[in-house]
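Structure first, then comments.
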Protein chains: 2
Amino acid sequence: MTSRHLKLRDYIIYQRRCCATIPIQDVTKQTGITVRTLRYYDQIGLLNPSAKTPGGHRIYSHDDLMRLKHIQFLKQMGFRLQEIDDMLTIQDRDWSASLNNQLAYVLEEQEKLKQMENYLRELLHSMAFEGEAKGAAVRKLIQLSGRSQESRKKYRKLLFEEHEQKLVSRLPKVNGDDPDSLEWIGLIAQLRKNRDAGPDAPQVQRIVRRILEKTDESFSGEDEFLDKLWKIRKCPEQSAQIGMYPLEPELLELFEQAYEVYLTRQQTQHPEQEADS
Amino acid sequence: MTSRHLKLRDYIIYQRRCCATIPIQDVTKQTGITVRTLRYYDQIGLLNPSAKTPGGHRIYSHDDLMRLKHIQFLKQMGFRLQEIDDMLTIQDRDWSASLNNQLAYVLEEQEKLKQMENYLRELLHSMAFEGEAKGAAVRKLIQLSGRSQESRKKYRKLLFEEHEQKLVSRLPKVNGDDPDSLEWIGLIAQLRKNRDAGPDAPQVQRIVRRILEKTDESFSGEDEFLDKLWKIRKCPEQSAQIGMYPLEPELLELFEQAYEVYLTRQQTQHPEQEADS
DNA sequence: ATTTAAGATGACGTGACGTCACTTTCAATC
DNA sequence: GATTGAAAGTGACGTCACGTCATCTTAAAT
């Protein structure tokens, strides 16, 4: 018993002098890697500590620490533990293939996440349009997401000519986070809130005025284009197919009525200004 | 036996007439979801088929299909099955919290992937600089990645004044994929390839000329800045701290010698042109 | 009645650990 | 030398969304 104890202490002191034995606690403090993880790495053979006490406690060397830091870095790069083991043990092969592979994977994942971001924004904005109707919004999105964006682009080309393509890009996108789109969404949401107020209510008239101002700002002089767009807007299926969120018919009708009221009021109030403005 | 058979057939025919029973094969064909997955969804209670044959075969309805498509969509958005179950069963709560949550998560993941992309490019380019030395490149990267970019920016501010900050941004970044950075990396790699050719070899001289042209193109008139930069370049530790990949001393020395050879040749060949160009 | 394809069930495996339960070891204190 | 408490060890089970067998049953056709 006594001799064993002394032997152990000598052994540890020897280790400290020679290549600085590091207990598992210090390893976790220096790297932030948990004890469990270190035991797991030992278990799968990714990082076997270079020594053990006679009692079985793991003792790490500085070389082990270096290897661990390499592992940590490569893991942050998204490599799996088996790949890391391969990369670190097979010293002679160069890594460019693995790295390029991983880079391609990372780029692919980024694309997916961007798609997800788009759909999530689209859903959020659609819910802002619709108030609280979740099911309907998802149902439409599912139809849109089923077909790839390719088909939507294709359909757009069928509907609009080249010049008008540029104008379409200026339309508020339901999944955009630019201030323009957000303002449009806000306007539509306000119109929905006042759907029961009637077309000649002052709030509705204010909203109509702001919508017209915004339309003029974006598409002044493109009356033919606006006309075509308005016809598509009235057909829910076509709206969905070019990527615009389909508005309910009642909302469109409300806007049309309010628009007429707005026009007649403009004419009675400023009959001469309307000609040149 | 016979009566049981007849009963079963009647049952199925009844189902077909009433709400269109769909066998599991058709579900997989329409959705692309595997049989195993459908059984799993049944097991965890995410999608229990609305009926079963007396023998235990699953029978899906159109409502089931709708729910399945919702599940499929939400899963593509990155939600977990338990969350999807919650979202679909608790009908009254709105989804905006979940969606915003998920959007935040998606944005966070995108950030991480961009970081990974940067480090991977940096590693690849570093290996192009160094030839094939993997360990050294990774070791340096680990040191850089250990400290956040904050400390690097901080150090940059200590070394350079505000005006020079803009010039630093024009330096080739070791992790950039812009044509400028790639050209620099190519030049350095070529210089490394001809490291044994001696400073007055014609290939080396051509490289030096191209390097000087490129330097002039980016930093003409900023001699003081270039001088400072050159001093930092000679100190590997400082180079690493501002995010430039540290070049080995021999390469820098080779370039200095080749530069002097280049200058003397220029002066002997065109002694009068050097004044105004 | 037999065949056969398709369906069901159950069990195990994946990856990188977290968590819990229980035992052993280390170093120090009495 | 005995005790003690903290830290170390091992082993087993759980995670998540299924894939992959192996084995058994059912449905529908011949």
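Note that the coordinates shown come from a computational prediction; the quantities given were computed from them, not determined experimentally.
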Indicate yes or no: at least one non-hydrogen side-chain atom of B/M77 is less than 4.5 angstrom from one of B/F73. yes
Under 4.0 angstrom between A/K52 side-chain N/O and C/dT25 OP1 or OP2: no
By nearest atom, which of the nucleotides D/dA17, C/dC26, C/dT9 is closest to the B/R39 side chain? C/dT9
Which distance, rounded to the nearest 0.5 Å, do you find between the CD of A/Q72 and the CG of A/L65? 10.0 Å
Quick one: is D/dC18 close enough that its OP1 or OP2 comes under 4.0 Å of any side-chain N or O from B/Y41? yes
So if I take every side-chain heavy atom of B/Q25 and compare against C/dT25, C/dA16, C/dA6, which nucleotide ends up nearest? C/dA6
A/K75 side chain N/O closer than 4.0 Å to the phosphate oxygens (OP1, OP2) of C/dC17? yes
Can you measure A/L81 atom CG to C/dG15 atom P for me and round it to whole angstrom units? 9 Å
Select base, sugar-phosphate, or nothing to describe what B/R80 touches, counting heavy atoms under 4.0 Å on all strands. sugar-phosphate
Basic-acidic side-chain contact under 4.0 Å: A/D85, A/R67: yes
To the nearest Å, give me how far apart CD (A/E83) and C1' (C/dT14) are. 14 Å
Closest heavy-atom contact between B/R58 and B/P49? CG-CG, 3.6 Å
Would you mind reading off the distance between A/I33 atom CD1 and C/dC17 atom P, rounded to a whole angstrom? 8 Å
What is the distance, rounded to the nearest whole Å, between atom CD1 of A/I71 and atom C1' of C/dC17? 14 Å
Let me know the distance between CG of B/L68 and C1' of D/dA17, rounded to the nearest Å. 15 Å
Check against salt bridge (charged side-chain N to carboxylate O under 4.0 Å, His left out), B/E117 and B/K114: CA-CA 5 Å; B/E117 183 190 338; B/K114 272 177 202 162; over 6 Å; no
A/R58 has a side chain; which of D/dC18, D/dT10, D/dA27 sits nearest to it? D/dT10
Over how many whole Å does the gap from B/L38 atom CG to C/dA6 atom C1' extend? 14 Å
Just how far, in rounded Å, is C1' of D/dC18 from CG of B/L47? 15 Å
What nucleotide, of D/dC18, C/dA16, D/dA27, holds the atom closest to the side chain of B/Y40? D/dC18
B/I44 CD1 to D/dC16 C1', in whole Å, measures 9 Å
I want to check one thing: is the phosphate of C/dG18, taken as OP1 and OP2, less than 4.0 Å away from some side-chain N or O of A/T34? yes
For a quick check, tell me whether the side chain of A/R36 and the base of C/dT19 share a donor-acceptor pair closer than 3.5 Å. yes
Quick one: is A/T37 getting a side-chain N or O under 4.0 Å of the C/dA16 phosphate, OP1 or OP2? no
